[in-house]
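Structure, as structure tokens:
Throughout, a chain's letter reflects where its sequence line sits, starting with A, and its residues are numbered from 1.
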There are 2 protein chains.
Amino acid sequence: MAAVTIQCCAPIAREPLSETDAAELAVLLKAVADPVRLRLLSMIGSHAGGEACVCDLTDAFDLTAPTISHHLKVLRTAGLIDGDRRGTWVYYRIIPEVVNKLGAAFAPLTEPAPNLELTPV
Amino acid sequence: MAAVTIQCCAPIAREPLSETDAAELAVLLKAVADPVRLRLLSMIGSHAGGEACVCDLTDAFDLTAPTISHHLKVLRTAGLIDGDRRGTWVYYRIIPEVVNKLGAAFAPLTEPAPNLELTPV
DNA sequence: TCACTGATTAGAGATATGTCAAATCAGCAT
DNA sequence: ATGCTGATTTGACATATCTCTAATCAGTGA
């Protein structure tokens with residue numbers, strides 16, 4: 001490991017973000033920068049089968065159906081999830097390539113993060 | 001926790017985020033979900049020496065000094081950066097541990113990962 | 001066709017956010 | 001002290017966001 005001065009952590013912190021890259025990333029981040037939408041995304045992504053029914057999601061919150069619908073639309077518009085109707089119900093699933101963009105921007109690609117550890121299982 | 005069905009990508013998508021975790025993460029994400037603040041964070045992190053003078057930052061934008069100051073405050077309040085005055089100038093630097101939390105949430109621990117697991121310590 | 005359930009859209013109201021001009025604070029140097 | 005430059009705070013304004021109710025759309029089944 002030659003003595004390259006490693007700044008710190010994320011790609012974002014290794015080279016100045018271009019104006020357009022910043023604008024693009026911000027769209028994704030805005031979509032995700034809300035507790036309800038974070039939980040929705042998380043629930044959809046971790047749901048068995050890789051998709052979740054809106055009916056399941058709505059029940060998990062103290063919010064009205066239209067509000068959940070609104071948040072799902074924000075996530076969908078940002079390209080983070082996609083959904084389709086099957087009969088009476090609508091199912092949503094994550095679009096991994098887009099979610100990964102977030103990870104790529106902030107991924108600590110260097111020495112193990114101070115409070116995280118990669119362990120064999 | 002052995003051989004759990006790996007859904008797709010980020011930790012966020014592997015298990016439903018708790019309400020408090022979501023709220024906490026959202027604070028960080030809100031701070032970062034703005035093109036100007038993304039670029040500020042990026043410029044600070046990638047600046048030689050690991051820190052950047054406000055004077056340098058201000059010049060890079062078509063915004064007034066108070067506006068830049070406001071954005072820096074948002075980042076600082078979220079705990080992503082810290083700054084101190086040295087004489088006439090104020091210098092900001094990234095707090096890697098906090099920035100890494102973003103990476104940890106969305107890190108695509110995919111391909112080389114079938115038998116690796118991200119565990120908090 | 002009509003009623004019923006699940007989901008989205010439309011519209012409204014309260015709150016939050018991004019920006020600026022003006023005022024203020026902090027150091028430095030006449 | 002006085003003034004000068006760099007940075008922050010304050011106050012205001014326009015816009016965006018989050019939530020709700022009411023209305024509408026989509027499918028199913030009597």
Side-chain angles (χ1 to χ4, degrees), chain A residues 17 19 22-44 47 49 51-93, chain B residues 17 19 22-44 47 49 51-93:
Chain A
L17 222 51
E19 210 164 330
E24 216 173 290
L25 226 197
V27 169
L28 250 40
L29 287 167
K30 265 185 212 296
V32 145
D34 177 279
V36 175
R37 290 198 290 271
L38 270 179
R39 288 179 63 205
L40 283 172
L41 193 66
S42 181
M43 290 170 73
I44 294 170
H47 200 276
E51 55 183 20
C53 171
V54 173
C55 54
D56 295 328
L57 302 173
T58 303
D59 290 348
F61 295 86
D62 246 6
L63 297 168
T64 63
T67 298
I68 298 300
S69 206
H70 159 71
H71 285 300
L72 288 170
K73 185 177 190 176
V74 171
L75 289 171
R76 189 158 27 101
T77 300
L80 288 159
I81 62 173
D82 195 15
D84 63 308
R85 169 163 234 128
R86 286 211 280 288
T88 308
W89 297 279
V90 174
Y91 294 86
Y92 280 97
R93 77 201 67 78
Chain B
L17 222 49
E19 210 163 329
E24 218 174 289
L25 226 197
V27 169
L28 249 41
L29 288 168
K30 265 184 211 298
V32 146
D34 177 279
V36 174
R37 290 198 289 273
L38 270 179
R39 288 179 63 206
L40 283 172
L41 192 68
S42 182
M43 290 171 73
I44 293 170
H47 200 275
E51 55 183 19
C53 172
V54 173
C55 54
D56 296 329
L57 302 172
T58 303
D59 290 348
F61 295 86
D62 246 4
L63 297 167
T64 64
T67 298
I68 298 299
S69 206
H70 159 72
H71 285 301
L72 288 170
K73 185 176 190 175
V74 172
L75 289 171
R76 187 158 29 100
T77 300
L80 288 159
I81 62 173
D82 195 15
D84 64 308
R85 168 164 234 125
R86 285 208 283 287
T88 307
W89 296 279
V90 174
Y91 295 85
Y92 280 97
R93 79 201 65 77

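Remark: B:Arg86 qualifies as a cation-pi partner of B:Tyr91 under the 6.0 Å distance and 45° angle criteria applied to the six-membered ring.
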Are A:Val74 and A:Asp34 close enough, and set up right, to give a side chain to side chain contact (heavy atoms under 4.5 Å, CB included), and what steps lead you there?
-> CA-CA 11 Å; A:Val74 171; A:Asp34 177 279; over 6 Å; no

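B:Leu29 places its CG atom 15 Å from the P atom of D:dT17, with the value rounded to the nearest Å. Atom pair A:Ile68:CD1 and D:dT17:C1' shows a separation of 15 Å (rounding to whole Å applied). Taking atom CG of residue B:Leu72 and atom C1' of nucleotide D:dT8, one finds them 10 Å apart after rounding to whole Å. As a whole-Å value, the separation of A:Leu57 CG from C:dG6 C1' is 13 Å. A:Asp59 places its CG atom 9 Å from the P atom of C:dG6, with the value rounded to the nearest Å. B:His71 has its NE2 atom 15 Å from the C1' atom of D:dA7, to the nearest Å. Atoms CG (A:Asp34) and C1' (C:dA16) sit 12 Å apart, rounded to a whole Å.
In this model, the phosphate group of D:dA7 is not approached by any side-chain N or O of B:Tyr91 to a distance below 4.0 Å at OP1 or OP2. Applying the 4.0 Å criterion to OP1 and OP2 of D:dT8, one finds that B:Lys73 has every side-chain N and O outside that range.
Between A:Ile81 and A:Leu40 the shortest side-chain heavy-atom distance does not fall below 4.5 Å. No side-chain heavy atom of A:Val32 sits less than 4.5 Å from a side-chain heavy atom of B:Leu25.
Both A:Thr58 and B:Arg37 sit near DNA chain C, but only A:Thr58 has its closest nucleotide nearer the 5' end. Looking at which nucleotide of DNA chain D each of B:Trp89 and B:Lys30 is closest to, the 5′-most match is held by B:Trp89.
With distances taken from any side-chain atom of B:Cys53 to the nucleotides D:dA7, C:dA7, C:dT8, the minimum falls on D:dA7.
With A:Arg37 contributing its side chain and A:His71 its backbone, the two residues share no donor-acceptor pair below 3.5 Å. Counting only distance, with no hydrogens or angles, the side chain of B:Ser69 and the backbone of B:Ala65 share no donor-acceptor pair below 3.5 Å. For the pair A:Thr77 (side chain) and A:Lys73 (backbone), a donor-acceptor distance under 3.5 Å is present.
Across all strands, A:Phe61 comes closer than 4.0 Å to no nucleic acid atom at all (heavy-atom distances).
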Using a cutoff of under 3.5 Å, can you pull out all pairs of nitrogen or oxygen atoms linking the protein to nucleotides 20-27 of chain D, with atom names and distances?
unit_1	atom_1	unit_2	atom_2	d
D:dC20	OP2	A:Thr64	N	3.1
D:dC20	OP2	A:Thr64	OG1	3.1
D:dC20	OP2	A:Thr67	OG1	2.7

